[in-house]
Amino acid sequence: MENLSAFKVAQKQLEQCAKILNLDSDLVKILQVPKRELHASLSIRMDDGSIKVFPAFRVQHNDARGPTKGGIRFHPDETIDTIRALAAWMTWKCALMDLPLGGAKGGVICDPKQMSKGELERLSRAYIDQIWQLIGPEKDVPAPDVYTDPQIMAWMMDEYSKIVGSNQFGVITGKPICLGGSFSREDATARGGLYTIREAVMDSEIELKEATVAIQGYGNAGYFAASLMRSVSGSKIVAVSDSKGGIYNKEGFDAVKVLDHKKKTQSVSTFPNAKQISNEELLELDVDILVVAGLENVITQKNASKIHAKIIAELANGPTTPEADAILDKNGIHVIPDILCNAGGVIVSYLEMVQNSYRYTWGESDVHKCLDEKMTTAYHSTWHTSKREGINMRQAAYVIAVKRVVEAMKMRGWI
Ligand code: GLU
């Protein structure tokens, strides 16, 4: 059963939920697969004059509740299977947050770390040239994800606007603020996660001010989690890691200094005055809170029983396999599941969509207030459903989300 692909994991999670809800098997058939997917080949002129061809995808899982929404990943190990899983998780995430949106995801198989700025721009524009008919403010709205950023969103928005012949800021979110981007979109995933951790801690003996935290993954979500957990909550970040390895210091790290080091050396793993540890060792540390902020399938049957953290906050998408879930449950570890914990990104994306359609800009404190309200409400409804039904937090989150999507499908007459 282990070594499941991310898509199989997503299907298995839905299967479990369908059993709890006693869902009609025809409905499950529809929800198990994406509604639509596009495969493309992007041919780019590289700086050395050669042509390279990059496989690319856009997958739309379900749009019963509104236009589909979800990020674009640029990653060398990207697969269509992972994108399918991520698109489905977006459907459940948006429904759990009660956003009027469906789920989608996109990806390009490439190594952005090895590409120049010009090559990245050409790749971003070529991606839009291939998918533009599928997307639009009322159809499908992409956003940043692994290794894509506001600059890439700006190029993509510009390319789409050129093709359709008018400024279409609302076609993509996560843009720079000068192009209709939202305040706090960059730290939204981590900030939203922090709100759920704050709520989770209230049910435990942990004091956030004294809490020890380990963070696996030091990209956008991991860095902002470290920074906010230290500056806002006063917690101690005793360990962080990235794909090359991790570091530990019981006195805690300064998030910005670690980020500066990563920018200079490409990794956190050689940060001075720290013990070098592996990613596996980081996961097993005796800390209060473990934040997983990297890629999928990190907590598995192999390591789940060695996890000592009291709370796991899933800022990554799909970090835990179903087998690992069962072990974490048995060991009484409180998991804040991905579709709840990392929904801050898409909530602020939604605010960005609304502000673009109204040509309006909310201030930072309005964004934080709305984000906090949505995250806190979703946390408590998930927690109450979990207690009431005697199911874990992930199953509870799925139950709420799937019920909402199914209701919309039924009302539209799709089933
Ligand atoms: N990529 C983020 C996610 O996985 C945000 C998606 C969005 O803002 O549309 O939730």
Side-chain angles (χ1 to χ4, degrees), residues 6 10 57-63 65-75 78 82-97 99-108 131 134-150 152-153 156-157 169-176 180-193 196 217 219-222 224-225 292-296 313-319 336-356 367 370-371 374-375 378 397 401:
F57 320 103
R58 183 75 185 166
V59 175
Q60 298 170 345
H61 174 258
N62 185 290
D63 58 357
R65 289 173 48 89
T68 50
K69 185 87 192 79
I72 300 165
R73 312 209 308 181
F74 281 3
H75 198 280
E78 201 52 83
T82 313
I83 300 292
R84 286 179 184 136
L86 291 158
W89 287 326
M90 285 309 299
T91 301
W92 311 134
K93 192 185 304 185
C94 292
L96 177 63
M97 294 298 139
L99 302 174
L101 299 169
K105 205 73 161 204
V108 181
I131 70 159
L134 231 65
I135 62 171
E138 302 297 333
K139 290 198 226 171
D140 178 14
V141 181
D145 203 288
V146 173
Y147 294 148
T148 53
D149 61 13
I152 290 176
M153 298 304 112
M156 290 185 172
M157 181 279 292
F169 286 6
V171 70
I172 214 157
T173 58
K175 300 178 295 294
S182 172
F183 285 113
S184 218
R185 175 62 186 84
E186 276 210 281
D187 70 10
T189 306
R191 189 177 289 276
T196 63
N220 174 284
F224 279 115
V292 275
L295 295 172
E296 313 80 44
E314 294 185 341
L315 278 189
N317 287 307
I336 313 175
D338 50 2
I339 58 172
L340 170 63
C341 190
N342 71 32
V346 75
I347 290 173
V348 176
S349 274
Y350 165 68
L351 296 179
E352 184 173 331
M353 282 173 76
V354 178
Q355 98 175 0
N356 290 159
V367 173
C370 180
L371 177 62
K374 286 213 170 285
M375 294 301 297

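Heavy atoms only: backbone and side chains are in, while hydrogens, waters and symmetry mates are out. Read the numbers this way: they start at 1 and go in the same order the structure lists the ligands and their atoms.
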Subject >> Sub-4.5 Å side-chain heavy-atom contact between Asn317 and Lys93 >> reply: yes
**OP:** Below 4.0 Å from any atom of ligand 1, which residues have a heavy atom? Give them in chain and number order, please.
**Re:** Lys69, Gly70, Gly71, Met90, Lys93, Lys105, Ala143, Pro144, Asp145, Arg185, Asn317, Gly345, Val346, Ser349
**OP:** Determine whether Lys175 and Phe169 make a side-chain contact, defined as any pair of heavy atoms from C-beta on separated by less than 4.5 Å.
**Re:** yes
Original post:
Between atom NZ of Lys105 and atom OG1 of Thr68, what is the distance when rounded to the nearest 0.5 Å?
Top reply: 12.0 Å
Original post:
Is any side-chain heavy atom of Tyr147 closer than 4.5 Å to a side-chain heavy atom of Arg73?
Top reply: no
Original post:
Side chains of Ser184 and Asp187: donor-acceptor distance under 3.5 Å anywhere?
Top reply: yes
**OP:** Could you check if a side-chain atom of Glu314 sits within less than 4.5 angstrom of a side-chain atom of Pro337, using non-hydrogen atoms only?
**Re:** yes
